Every structure is written in C-alpha cells, then in structure tokens.
Amino acid sequence: MTAKRSRAEIRIPFNQPFLTGRELEYISEAHRNHHLSGDGPFTKRCHAWLERTVGCPKALLTHSCTAALEMAAILVGIRPGDEVIMPSFTFVSTANAFVLRGGVPVFVDVREDTLNIDESKIEAAITPKTRAIVVVHYAGVACEMDDIQAVASRHGLVVIEDAAQAVLASYKGKPLGGLGALGALSFHETKNILCGEGGALLVNDPALADRAEVIREKGTDRSRFTRGEVDKYTWVDIGSSFLPGEVIAAFLWAQMEMAESITRRRKQIWARYQEAFTGLEAAGLARRPVVPTHALSNAHNYYLLLRDLETRDRLIRSLREDGIHAVFHYVPLHDSPAGRKFGRIGGPMEITRSVAERLVRLPLWLGLEAHQDEVIESCERALAP
Ligand SMILES: Cc1ncc(COP(=O)(O)O)c(C=O)c1O
C-alpha cells in the first residue's frame, strides 16, 4: 500500500518507453502474414537494418542482450576456468553469460572520465587463462577500442563488445557493436530503441557466422534448411532458443525505422542537461558526463557524479519529494554475492567503488522535454550549498 502510494506520487518517471505509432500496425501485419515464429519478414528487415547501420557481416536478433552475450560466450568457446576480463561497473549479464559456461570474470577498474573499463589496467589482469576481454560502452560512450584491440592482439585474446546501451553510437566514426569479434545490443524498454525485451548479436568475425546461426536455433542447422541449402535440418551442435518471434520483430522494426530521429531527440535532451549543469560543475557540486571528442554518444543516459553517497541519496530523496524519479546503479559486480563467488578482481577497484556510490541517473525519455526544466531546477535546489 505504501509502495503503491509513493509510486502514484511520481509525476516525472525515470523512464517512459517511446512508441513511434506504427508498432501495432506492423504487429497486425505479422499476424496477417501467418508467420509468428522467428526469422520471418520483419526479422529479416531488422537484420538488414543492423547489418547496414553497423556495417557488420551478420546480425541476429535475440530475445535480449543477455541472450546475445550467452551466445557470444558459447561462440568464443569459453570453458570452465577460462578467465574473461571485464569491468565490475556493469549490468549482471555481462558477467553471468560467461559464468554460465564456467568462465571466471576478472574485474578491472574503470576510467574516471567515461566510467568505461580502464584500458591501461587490462594488461596487468591478463594471465595464461585469459581468453577474452568484454568491454561495456557505458551510457553509449565508446571504450578506448584502439588500445583495447592492441592489448588483445598482443595476447591473442578475443574482444566482445557489450554494446547494450550503444546502438547508433560510434568510436572514431565506426559504429559500436561492430568493432569486436562479436557485439551485443539491447532493445529492452529502457534502451533508445526498444521492443520490451529484445537484443541482437552482431557477428563481426565472419568465421563465427555459421555457428552463430546454429547456436541461436537450438543447435540445429535450421537456418540453412530455411534458405534451401540442406534438405532437412538436424541437431549439429549445442545451442538454445535465442531468437524472438515475429511479433517482437515487427514492434522493433517500427522503432528501427525511426532510430535516427529518436537518437536526435535524445541528444537534444542530453545536451540541455549538460548545458544546464555547467554551473553546478563549476561550483564543484557535481561532475557532468565526459564524452571524448573521438566518441559519438547516442545519449543513452544522463548522469551526475556527486560529492559522496550522502549527497547522492539526498538528491534522490529530494527529487522524489518533487515527484521526480531518479535512480542509481550499478552495485559493482565484484562486491555482489555472485561476483565474489564466481569472479575475482584483477587489480584495485577504487574508481568503481567511488563512482557506484556517487552516481545518479536522471530521467531521459522522449517527451521529457516538457518537464525537463522542473528536473533541472529540482536538482539545483537540492544541491545548492
Ligand atoms: C551493459 C548492459 N549489458 C547487458 C544488459 C542486458 O540487456 P537485456 O536486458 O537486453 O538482456 C544491459 C541492460 O540494461 C546493460 O545495460
């Protein structure tokens, strides 16, 4: 009852999924097509859009980014005891996907500016058991991919991009998700382009493409059968059911059609926050996000870094009293019960610990424009000395 009342008091939610208006039309079309399982006409359109936009040889829709990461762990052949380097400042699935195969996450600290994995600390975490580096482009801002690729090739490691938050963002002009051997995108309802629950695996290394299709189709060569390349399909490898049905793909297609304009509007909202909080930063009351000049962000989220945990909690409470829902994340994985059980740290985690306590994410969704001044003013009031 209490929880319900406090939810009802929220006037400006943290997230509100944006609908383009064509989702139901395309779902009806999928219904009329009588093709409701996966890999029908809408899935094909989504695949073509991803391949064109990211410039990758093969894109495969999945039912989540989590699923795409699980496919990646199978595809790169993670075996029990293999170590996988990744940040601790990330969502659970980045690590869990590899733990499911017996892999050991080795957590590396993040950079103070972008909150992405600190490329200069990766090498020290490499051991003879290291197999892969998983990078996370936090908030749709690119990791330092040139340096990371150089470390990976020096040590014969595979690079996987957790690009859950990074659709239509880029690094030195190259789309994120298209730089590692594999990239994983999310279309969860909190993401820029959404279908409720959804994702995609971007297969950038052509040598992995055929097996990726098999793993996604329950370990069968059904995709080849559908294309008429074999006259029956059979069980050929391990796999699972990683593909979404056409209803989800139809919804997603409506979003992909408008992906550029959605991103443009998000960037305007992001820029308005960034401009508005110049004074807070100058006064030492908050630090704004940093986007390196060689990274083009997709404005996935907007956050502030505050002085300490107490200030962060005070701001969230104060915004809530004004009817505004702001949130924090992540509980660093190396400090979580499962992270301690299945993984280990690969060096000091000072920045991860510090930013996880001080970060607050502000509402950012299409339609917020009408309320954004209220959010800004509420932050300024709460943080005023
Ligand atoms: C960095 C990161 N990785 C993975 C995921 C998982 O995405 P999904 O919910 O599509 O499985 C998320 C979702 O928030 C994420 O932010």
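Ligands are counted one by one from 1 in listed order, and the atoms in each one are counted from 1 as well. None of these values were measured; they are calculated from a predicted model.
Residue contact check: T66 has heavy atoms under 4.0 Å from atoms 6 (C), 8 (P), 11 (O) of ligand 1. Proximity to V136 (heavy-atom distance under 4.0 Å) selects the following atoms of ligand 1: 1 (C). Contact atoms of ligand 1 toward Q165: 1 (C), 16 (O) (distance under 4.0 Å to a heavy atom of the residue). Those atoms of ligand 1 that come under 4.0 Å of a heavy atom in S64, given as number and element, are 10 (O), 11 (O). Atoms of ligand 1 lying under 4.0 Å from any heavy atom of Y330, numbered from 1 in the order shown and given with element: 16 (O). For ligand 1, the atoms sitting less than 4.0 Å from at least one non-hydrogen atom of T90 are 1 (C), numbered in the order shown with element in parentheses. Every atom of ligand 1 with a heavy atom of K191 under 4.0 Å away is listed here by number and element: 13 (C), 14 (O). Atoms of ligand 1 found under 4.0 Å from any heavy atom of G198 (numbered from 1 in listed order, with element): 10 (O).
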Checklist line | Test salt bridge (Lys or Arg N to Asp or Glu O under 4.0 Å) applied to R353 and E357, step by step | finding: CA-CA 7 Å; R353 277 201 188 95; E357 287 192 342; over 6 Å; no
Note to self: I'd like to know whether E29 forms a salt bridge (Lys or Arg N to Asp or Glu O under 4.0 Å) with R45, so could you lay out the CA-CA distance, the side-chain angles of the two residues, the decisive distance to 0.1 Å, and finally the verdict.
What the structure shows: CA-CA 13 Å; E29 195 179 322; R45 280 188 219 176; 3.6 Å; yes
Margin query: Set out, in order, the CA-CA distance, both residues' side-chain angles and the distance that settles salt bridge (Lys or Arg N to Asp or Glu O under 4.0 Å) for D39 and R216, then state yes or no.
Written below: CA-CA 11 Å; D39 284 343; R216 177 169 167 271; 2.8 Å; yes
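At a heavy-atom cutoff of 4.0 Å, ligand 1 is contacted by no atom of F89, backbone or side chain. Residue contacts with ligand 1 for C65 involve both N, CA, C or O and side-chain atoms from C-beta outward (heavy atoms, distance under 4.0 Å).
Evaluated for a side chain to side chain donor-acceptor pair (under 3.5 Å) with E213, the options R224, R222, R227 yield exactly one hit, R227.
For the pair R266 and W365, the tightest heavy-atom approach, listed with the atom from each and the gap, is NH1-CA, 4.4 Å. Closest of all the heavy-atom pairs between D221 and V214 is CA-CG2, 4.4 Å. Counting all heavy atoms, side chain and backbone alike, A73 lies closest to A97 at CB-O, 3.5 Å.
Using a 4.0 angstrom heavy-atom cutoff, A68 does not count as in contact with ligand 1.
Looking only at atom types and distance, the side chain of E257 has no donor-acceptor partner in the side chain of T20 under 3.5 Å away.
Atom 10 (O) of ligand 1 has its closest protein heavy atom at S186 OG, 2.7 Å. Among protein heavy atoms, atom 5 (C) of ligand 1 sits closest to F91 CD2, 3.4 Å.
Note: an N/O pair closer than 3.5 Å links D162 and ligand 1 by distance alone.
Contact annotation: the side chain of F187 approaches that of L61 to within less than 4.5 Å [non-hydrogen atoms, C-beta and beyond].
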